[in-house]
Amino acid sequence: MFIPEASDNMPRSIRPIWRFIGRCVFWLLGWQFEGDLPNLKKAVVIVAPHTSNWDFVIGMAAKMLVGVKANWLGKDAIFVGPAAAIFKSWGGIPVERSSAHDLVSNVVNEFNQREKMWLGLSPEGTRTHVDQWKSGFWHIAKDANVPILMVAFDYQKKALVIGKTFTPGDDLESDMESIRGYLSEIGSGKFPEYE
């Protein structure tokens, strides 16, 4: 099985048990990687299309297998009971979606305070179809002056495709159109009707 190399320059989490679990999940589900990881200390990693709860399982397994220590944003409703401690130990940051709470500024501050940080999230913000993606990831990357790494689920090939990086420009709408177009070319969701 091809596993992309995570460099020492990246935020790393090298715990053999997590790498083993990630490998087992990928093997059991028949998934593979395509593409190489860029050598970046900081990045906003967007993963699309997000159409199924399986996306979380595959994404977490990939993160563990590669050994990249990445934070991720998730709706606060999943951070309950014992799951809250587990998700937070895996880099999860609960987000109350009913109001913004100055999330972009808070995340940008985290990027500015850390030497290394990767933040993963779904630009759709939900598993169901949306006509317009949330633009928070773009604002975070632009304000923190970090690149956006585009990653796609490809359920047809059972591959997690590590795409190219993107530097936000000055035109939000044009950038969003480019990013969404690129990810739709390299990925396919479990439920295409939700893309």
- [ ] Give the cluster check for Leu40 versus Val146: same hydrophobic cluster or not, with ILVMFWY residues linked at side-chain heavy-atom distances below 4.5 Å.
- [x] no
Task: Qualifying residues under side-chain contact (heavy atoms from CB on, under 4.5 Å), relative to Ser178, sequence neighbours excluded - done: Phe166
Task: Atom CZ of Arg15: over 12 foreign heavy atoms under 6.0 Å - done: no
Task: Within one Ile-Leu-Val-Met-Phe-Trp-Tyr cluster: Val161 and Val44, side-chain cutoff 4.5 Å - done: yes
Task: Where at least one partner belongs to residues 143-155, residue pairs that pass side chain to side chain donor-acceptor pair (under 3.5 Å), sequence neighbours excluded - done: Asp55-Tyr155, Asp154-Ser188
Open item on the list: Can you tell me how far apart CD (Glu5) and CG (Asn39) are? Round to the nearest 0.5 Å.
Closed with: 11.0 Å
Task: Separation between CH2 of Trp138 and CG of Leu172, rounded to the nearest 0.5 Å - done: 5.0 Å
Task: Whether over 12 other heavy atoms sit under 6.0 Å from Asp170 CG - done: no
TODO: Measure the spacing between NZ of Lys69 and CH2 of Trp18 and express it to the nearest 0.5 Å.
DONE: 13.5 Å
TODO: Considering non-hydrogen atoms only, spot the tightest contact between Leu37 and Met10 and give its length.
DONE: CB-CE, 3.7 Å
TODO: Could you tell me whether the side chain of Arg19 and the main chain of Leu65 form a donor-acceptor pair under 3.5 Å?
DONE: yes
Task: Under 3.5 Å donor-acceptor, Asn71 side chain and Gly91 backbone - done: yes
Open item on the list: To the nearest 0.5 Å, what is the distance between CD1 on Ile93 and CG on Asn106?
Closed with: 10.0 Å
Task: Heavy-atom closest contact (Phe33 atom, Phe2 atom, distance) - done: CD1-O, 3.5 Å
Task: Phe111 and its side-chain contact (heavy atoms from CB on, under 4.5 Å) partner, picked from Val108, Asn109, Val107 - done: Val107
- [ ] Indicate the atoms forming the closest heavy-atom contact of Phe87 with Trp72, along with that distance.
- [x] O-CZ2, 3.6 Å
Task: Side chains of His50 and Pro123 in contact at under 4.5 Å (non-hydrogen atoms) - done: no
Task: Heavy-atom pair with the smallest gap, counting every atom of Leu160 and Ala62 - done: CD2-CB, 3.4 Å
Task: pair Val68-Val45: side-chain heavy atoms closer than 4.5 Å - done: no
Open item on the list: Hydrophobic cluster membership, with links at side-chain heavy-atom distances under 4.5 Å among I/L/V/M/F/W/Y: are Ile179 and Ile186 in one?
Closed with: yes
Task: Value rounded to 0.5 Å, distance of NZ in Lys41 from NZ in Lys116 - done: 6.5 Å
Open item on the list: Hydrophobic clusters here meaning ILVMFWY residues chained together by side-chain heavy-atom distances under 4.5 Å, can you tell me if Phe153 and Trp118 are in one?
Closed with: yes
- [ ] Compare every heavy atom of Pro4 with every heavy atom of Gly35, then report the nearest pair and how far apart it is.
- [x] O-CG, 3.9 Å
- [ ] Please answer whether the main-chain N or O of Gly169 pairs with a side-chain N or O of Asp175 as donor and acceptor at a distance below 3.5 Å.
- [x] yes
Open item on the list: Assigning hydrophobic clusters by single linkage (Ile, Leu, Val, Met, Phe, Trp, Tyr; side-chain heavy-atom cutoff under 4.5 Å), is Ile46 placed with Val151?
Closed with: no
Open item on the list: Give me each pair satisfying side chain to side chain donor-acceptor pair (under 3.5 Å) with a member in residues 156-168, each pair once, sequence neighbours excluded.
Closed with: Glu34-Lys157
Open item on the list: When you compare the side chain of Met60 with that of Lys63, does any pair of heavy atoms fall below 4.5 Å?
Closed with: yes
- [ ] List the atom of Ser89, the atom of Ile86, and the distance in Å for their closest heavy-atom pair.
- [x] OG-O, 2.7 Å
Open item on the list: Before we go on, tell me: are the rings of Phe79 and Trp90 under 6.0 Å apart, centre to centre?
Closed with: no
Task: Separation between CH2 of Trp31 and CE of Met1, rounded to the nearest 0.5 Å - done: 12.5 Å
